Amino acid sequence: MSFGEPNNPYGPPPQQPPSGPGYGQQQPPASGYGVPQAPPYQQQPYPQQAYPPQPYPQQYPGGDPQFPGGYPGGPAQMPRPTRVAQILVGVIALAHAIIAVAYVYFLTQWDEVMTEAGITGDPEAERFADLGKGVVVFFLCLATVFAILGLVLLLQYAKGGNTVRVCSIVYSSFAIVTGIFMLAYWGLGLLLMAVSIVAIVLSAKRESAAWFQRPRY
């Protein structure tokens, strides 16, 4: 007789698998209100790395070393080469104004000079005299226009854009031509040519370009 047979009436009853708690049996406490819980997991803080303090952008008293008198966006004050170029443009304008006044004086004496030369009364000579007078009037108007243009450029140096710089270079280039025509007048033409060349060089410098191309807020 074997006690291991399940159908043996004299053997021990077969073992039943454990089942859940029945009626009246105490169940294990569940996690909830009133039940002590395990302390929450506290994340360890990461070690903070000490960074050296970042210095603020250094501001120069005169601005960016590449642009004296201002900041990297452009100079705050007109650079010295640009100021000199402005003065030279004013000198060119003044020279053209003087030339215009000289032409006006010459026209007032035109008839008297023609009479003393004996041209009056000769139709052919008078025709050439009138043609010469028209040329003088043309140069008078040209000198007047150049004097006005120079004055306008002179006043635009403080607030004007890059167009003022380009116009100053072109204006000074035409002034060289005026100087060539005026070489015979007391050295005024030679002086005008020298001033015009210096004005072109200063207007083309990097400092002048930075001044006229600076941002305007």
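As the structure is a computational prediction, the values presented were derived from the model and not from experiment. Computation of the quantities below employed the complete heavy-atom set of this structure, encompassing side-chain atoms and omitting hydrogens, waters and symmetry-equivalent molecules.
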Legend entry - Side chain Thr108, main chain Tyr105, donor-acceptor under 3.5 Å: yes
Inset, instruction - Any pair with a residue in residues 138-151 that passes side chain to side chain donor-acceptor pair (under 3.5 Å), sequence neighbours left out, goes on the list, sorted by first then second residue, please. - result: none
Would [X] end up clustered with [Y] when hydrophobic side chains under 4.5 Å apart are linked, directly or stepwise?
X	Y	answer
Met182	Ile98	no
Leu131	Phe139	no
Val170	Val91	yes

Inset, instruction - Please say which of Val152, Leu153, Leu155 ends up in a side chain to side chain contact (heavy atoms under 4.5 Å, CB included) with Val164. - result: Leu153
Inset, instruction - Taking all non-hydrogen atoms of both residues into account, name the closest pair between Trp211 and Ala158 and its distance. - result: CZ2-O, 3.5 Å
Inset, instruction - Would you please name every residue forming a ring-ring contact (aromatic ring centres under 6.0 Å, His included) with Phe106, sequence neighbours left out? - result: Trp110
Inset, instruction - Kindly write out the residues that satisfy ring-ring contact (aromatic ring centres under 6.0 Å, His included) with Phe146, not counting sequence neighbours, or none if the list is empty. - result: His96, Tyr171
Could you tabulate the donor-acceptor pairs under 3.5 Å formed by side-chain atoms of residues 79-86, not counting sequence neighbours?
residue, atom, partner, partner atom, Å
Thr82, OG1, Ser208, OG, 2.9
Arg83, NH1, Gln86, OE1, 3.0
Gln86, NE2, Leu154, O, 2.9

Legend entry - Leu188 and Leu183, any side-chain heavy atoms less than 4.5 Å apart: no
What donor-acceptor contacts under 3.5 angstrom involve side-chain atoms of residues 189-203, with partners at least two apart or in another chain?
residue, atom, partner, partner atom, Å
Ser196, OG, Leu192, O, 2.7
Ser203, OG, Ala199, O, 2.8

Inset, instruction - For Leu107, enumerate each residue passing the side chain to side chain contact (heavy atoms under 4.5 Å, CB included) test, keeping only those at least two apart in sequence or located in another chain. - result: Lys133, Val136, Val137, Leu140
Inset, instruction - Take Thr163 and Phe212 through the test side chain to side chain contact (heavy atoms under 4.5 Å, CB included) and record every step on the way to the result. - result: CA-CA 8 Å; Thr163 306; Phe212 288 109; over 6 Å; no
Legend entry - Spacing of CZ belonging to Phe174 relative to CD1 belonging to Ile92, to within rounding of 0.5 Å: 13.0 Å
